[in-house]
Amino acid sequence: MVTTTKGYKFGTRAVALLMAGTVLAGMPGLALAQTAPATPEQTPATPQPAAVVPVAPDPAVKVIKSLRVEGSQRIEPETVLSYTKLRIGQTFNNESLDQAIKDLLASDLFADVAIDGVQTGDLVLRIRENPIINRVLLEGNKRLKSDKIQKEIKLAPRQIFTRSAVRLDIGRIIELYRRQGRFAASVSPKMVALDQNRVDVIFEINEGPKSKVRQINIIGNEKFSDGKLRAQMATKQASLLTMLSSNTSYDQDRLAYDQQKLRQFYLTEGYADFKVTSAVAELTPDKRDFIITYVVEEGKRYHFGDITVDSDIRDFDNKKLAAGLVAKKGDWYNAKKVEDSVEGINQAAGLFGYAFAEVNPEFQRDADALTMSINFHIAEAQRTYVERIDINGNTVTQDKVIRREIRLTEGDAFNSFQVKRSQDRINSLGFFQDKLEIQQKPGSAPDRVVLETNVEEKSTGELNLSVGFSSLEQFIVTASIRQRNFRGKGQELRASANYSSYSKSLELGFTEPYLFDRNIAIGGDIFRRDYNSFNFIGNTRQTTYSQVSTGFQIRVGIPLTEYWSLSGRYGLNYDQVGLDQATYFTNGVCDPLKAGRYLCDAIGNRVTSSVGYSLIYDSLNSRLRPTGGHRVILSQDFAGLGGDVRYLRSRFEADKYWNVGKGFIFSVGLEGAYIFPLESSRGPGIDAVRINDRYYLGEPQFRGFDIRGVGPRVQRLPYSTDANGNQILITDRRQIVDDALGGRAYYLGRVELEIPLGAGARELGLRPSIFMDFGALFGVTRPLPTATFPTSVDATTGAVTVLPLIQPLLDTTGRPLYIVGTEDTVNAGLLTTCTTGYSATLGGTCTGTTTNTAATNTIAPFLERFVGNSASPRLTIGVGVNWNSPFGPLRINVAHALLKQFGDDDKLITFNVGTQF
C-alpha cells in the first residue's frame, strides 16, 4: 500500500492551531518504499497521520486490473481519477504510483491519499477530501476595517480549505499592515472543525504599534548638514513637530524616492558626481521604529562651461536660443537649469509649430577644470498640425463647454503657447481638479498631433456659511448657494441671503457665458437689501437710519482680444432711506438734535437708473486660485437716465501674482474709486452725493477694521458727572453714537505672500499667508453742527459746564404746547395749546381759569465731532489661513492696525466657513 497525508486530523468541533511557521512553511515530503507480499490473512496497514509508507521499486511490471476510489464525498470518482494518469489495462510501477499521489495532492482537493492493491493490480485510491470553508472570520483588527482586509484575502466561504491558501492570506494581511507602517503586526490562523467536513477559519490579528522612523543618519556629507539634507526628503523623523505628518512611517518606496531627492538636491548645487552608495533601513528589536542610514559620496562641485545650441531645424537661430537659456556659463552647475533650458527650447519649438522637437543635452565634463559644458542638440523635426482634439473624463460638463476654451481647432498649426493658454482657460473655469494638462500625442502621420484633454470633474456647487463677530455688530451670518456649472453648460445660478444686526438681504442671479453658443455673456440679478446703521448705548442697540434697496441689473460681456474684454450693464433700483420716527422724530418731523442734521438731510425715497461699462485685461492663469499673471479693470457708471439721482462713478482695480518658487505665491493688489456728483448740493453742510451712494470701507475688504470702520464719521459723546461732581466727557466707544458717513473717494492696497507648509499640513489642507493692507476713505462735505449748547463758567475755578438745551414743545402746526396745572383736578398734566384753561382739542376754545406751564423738551448736552475724513493711509498687517476642514473651506484672519486715524474702528479676528456640493 502507498499512502500519504497532509499531517492534520479533524476532531469533533475541535480547534486546531495552524502553525504559521514550520507547519505552514512546507509540504510533507513524499517517499516510496517496497512492502513485502501480503498474504490473504494479512490486514493492510492502517494509514497513520503525518506518516509516509515507503514504496520500494518493483522490478516486475504489473498491469492495472481494476481501479476504484474510496472516501470521496463531494467529488465524483471519475473526477478523482482524472487527476492521475492511471488507467485500467495499463502497466504501472512504483514511480507511476508515486506520481499519481503527487498529482492528487497538487490539486489541493485532498487531505490524505493512499493506494491499496499494489500487489494484485486491483488498485484502490483511498482519499480524504479537504474540508469546505464555512466562514472566514477576523479578530483583533481595529486599525484596518474588516471589509478592506476581506477584499485582499482569497479564502472565502464555500471554497476548499488548503494550507497554502491560508499561508498566502497571512502574507497578504501582514502586507496590508506594513503598508500602514505596522511592521510588528502578526497573524495567527485558527480552524474550527464542523460537521459535514466543514471548517471555520479564524485569523487572529495582533496589529501592534505603528512603526516610525526614529532616526535618519547620513554618512559622508561634508558640504551640507544632516538637517539640510533631511529637509529634502519626504520621510521625516518622528518628533513633536511632525506628529501630524504621515511621512514619519517607514515606506520602502519612499526610501527610494528620498535617494532620488538627495541626488536632485546635490545636482542642483553643482555636485555632478554625487551618488548614494548605500541606504539601509534597520528595524529596532521591538519592531516599533526604523533607523535609516544613508552613505553618500558628494564629489567635486562643477561650474557651467560653454553653453551652445546645435539645431538641425533651420528656423532657429542657435546663438539667440543659447543666449536665452537659463543655464549660463560660469554659474554653478544646476541640473534643474538644464531641465528648464530643455523645456524652454521645446516651448520655443512649439511656437514655431514643432510639437515633437527632440532636444538632447550633450554633456562634456572637464574633471580638471571642474566645468560642465553642454551642447543642446535639436534633432530634425517636421512642423505639426492638430489632427484631433480628444476630451475625456467629463461626465457632467458638456464637451462644448471645454472645447470653446481651447485656442486651437482641428487643422490648425500646432502652437505650444496656445496649448498653455487653453490649459489656463480650462483651469479657470473651476469645474475640474487642479493640474490639468493637455497632452500631446502622436497622430496618424509624423506631422500630425492629437491634443488629449483628460479632465477630472469636481464639485461646482458651493454652499457658504460665513460667521463673524464684532464688538459693534455682535454675530453676523451670511448664507449663499451657487452652482457654477448649472446643467453642465457652464451657466451660473446663485442665491444669497444675509442676516445680521447690520443688514438683511436677498439676491438671485443667473449668468449665461455663451449666448446661443456665441462668445457673448449675458446675466442678470434681482435683489432686495435692507441695511441698518446703528450704534450701542450701553447694551442697547440704537438704529440710526435704514436703507432699503430693491432693484435689478442686466449685464452683457464680449471679448475684444484673447486678454481684453468689455462688459456693459444697466441697473434700476429704488432706495428708501428712513429713520425710526418714535426715536428721532419730533412732532412728525426729523429732529436734528436726536438724529443729527446729516441724517435728517439723507432721508427720503429715490430712484436710480444707471448704465455702466468695464474694460478688463485678464492674463491670470486661474480665476479661482491664480499663481501667475495679472488683471486690470477700469469701470465707470453713469446715473441719470431718468430717476432722481445723477452722478458719475469711476473705479480702477489691478492685481498681480508671482510664483516665486518652492510653493510661495506673492501677490499685490490696488484699487481705487471716485464718485463725481452731477447735481448741486442741497444746502450748506450737505454733500451732493447721497449717503447711500457713497463708498464705505472696512470688513471684509480691509482686514483689521470693522464693517464701515474706516473713513468719515460723526460721533456724539455724552457728558456725565464724576464722583467729585465735575462734568466729564464719556469716551467709552459703546456709549458713543458713531455714524459712518461714507466718502466720495477711496483707495485700497494689498500685499500678500502665501506660504507653503510641510507635507503634514498640506494633507490637512492648510494654506497660510501673511499680508499687509493699506487704504483710506475720504472726500465728504463736513456736516454743520447739530446744536449749540449753552455754557456756564464757575467764577471761582473757571470751570466751564455745558448745560442742557431747553426747547419749547410744539404741536404739528408749530403752536407752543402747555401743561395743564394741578388746579384742574380733571385735566392736570395734559398737553394743550391754551395758556389758561383747557381745550379737548389742540387749538380749540379754552375753558377754565387754571394757569398752565409752558411745555419744554430738554436735550442732554453732548459733544459732536466730525472725524476720519483723511486721505492719510491706514495700515494693517496680519496672518490668515485657509483650511479645507471637514466642515468645508475655512478662512481665519488675524490683523492688527499699525496706522489708523482718530475715530476708526479696528477689529482683530474674522473667520468664515463654507462647503461644496
Side-chain angles (χ1 to χ4, degrees), residues 231 234 236 239-248 427 430 433-435 458-459 462-471 473 475-480 482 500 620-628 655-669 671 698-707 709 748-775 874-898 906-917:
K236 304 299 179 185
S239 66
L240 291 177
L241 297 178
T242 57
M243 61 182 300
L244 296 177
S245 175
S246 63
N247 289 346
T248 57
N427 276 322
Q433 299 292 346
D434 296 338
K435 307 301 181 184
K458 66 179 182 180
S459 300
E462 297 177 4
L463 177 62
N464 290 297
L465 176 65
S466 299
V467 181
F469 181 85
S470 81
S471 59
E473 281 230 68
F475 282 100
I476 308 162
V477 179
T478 301
S480 66
R482 182 171 69 150
S500 72
L620 297 178
N621 58 3
S622 173
R623 296 188 184 97
L624 299 178
R625 191 186 170 194
T627 59
D655 296 282
K656 175 71 175 177
Y657 293 83
W658 293 271
N659 187 340
V660 294
K662 297 184 178 181
F664 288 89
I665 306 299
F666 181 71
S667 61
V668 296
E671 62 179 273
E699 186 194 343
Q701 66 268 44
F702 202 156
R703 294 164 290 191
F705 287 98
D706 207 344
I707 295 174
L748 179 64
R750 170 188 58 82
V751 179
E752 190 160 2
L753 179 66
E754 185 175 312
I755 303 171
L757 293 180
R762 285 198 304 269
E763 290 173 4
L764 294 175
L766 295 174
R767 291 188 294 110
S769 64
I770 57 175
F771 58 83
M772 178 183 70
D773 291 348
F774 61 93
R874 284 75 160 173
L875 177 67
T876 64
I877 60 171
V879 296
V881 62
N882 290 302
W883 176 33
N884 294 328
S885 71
F887 312 102
L890 175 69
R891 173 72 185 186
I892 300 176
N893 289 314
V894 179
H896 174 66
L898 294 180
D906 56 350
K907 182 178 181 180
L908 184 63
I909 301 174
T910 59
F911 68 95
N912 61 75
V913 65
T915 188
Q916 293 186 335
F917 62 92

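Note that this is a predicted model, so its numbers are computed, not measured.
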**Flag side-chain contact, heavy atom, 4.5 Å: Pro768 against Val879** = no
**Asked** Got a second to check how far Glu752's CD is from Phe666's CZ, nearest 0.5 Å?
**Response** 10.0 Å
**Complete:** CZ (Phe705) and OG1 (Thr876) are apart, to the nearest 0.5 Å, by 6.5 Å
**Asked** Looking at Phe771, does the NZ or CZ of Arg703 lie under 6.0 angstrom from its six-membered ring centre and within 45 degrees of the ring axis?
**Response** yes
**Message:** Using every non-hydrogen atom in the two residues, find where Asn621 and Pro626 come nearest and quote the distance to one decimal.
**Reply:** OD1-CA, 3.5 Å
**Asked** Mind checking whether Thr627 and Tyr657 have side chains closer than 4.5 Å, heavy atoms only?
**Response** no
**Request:** Identify the two heavy atoms, one from Gly698 and one from Gln701, that lie closest to each other, and give their separation to 0.1 Å.
**Result:** O-OE1, 2.8 Å
**Gap between atom CG of Leu748 and atom CZ of Arg874 - 0.5 Å precision** = 11.5 Å
**Request:** Could you check Asp655 against Arg750 for salt bridge (Lys or Arg N to Asp or Glu O under 4.0 Å), going step by step and ending with a plain yes or no?
**Result:** CA-CA 9 Å; Asp655 296 282; Arg750 170 188 58 82; 3.0 Å; yes
**Asked** Can you check whether Leu898 reaches Ile877 side chain to side chain, under 4.5 Å on heavy atoms?
**Response** yes
**Asked** With no hydrogens and no angle check, is any side-chain donor or acceptor of Asp706 less than 3.5 Å from a backbone partner on Lys907?
**Response** no
**Item:** Inter-residue atom distance Trp658.CH2 - Leu753.CG, 0.5 Å rounding
**Value:** 11.5 Å
**Asked** Hey, does Val660 have a side-chain heavy atom less than 4.5 Å from the side chain of Ile665?
**Response** no
**Message:** Tell me the closest heavy-atom pair linking Arg891 and Ser769, and the distance in Å.
**Reply:** NH2-OG, 3.4 Å
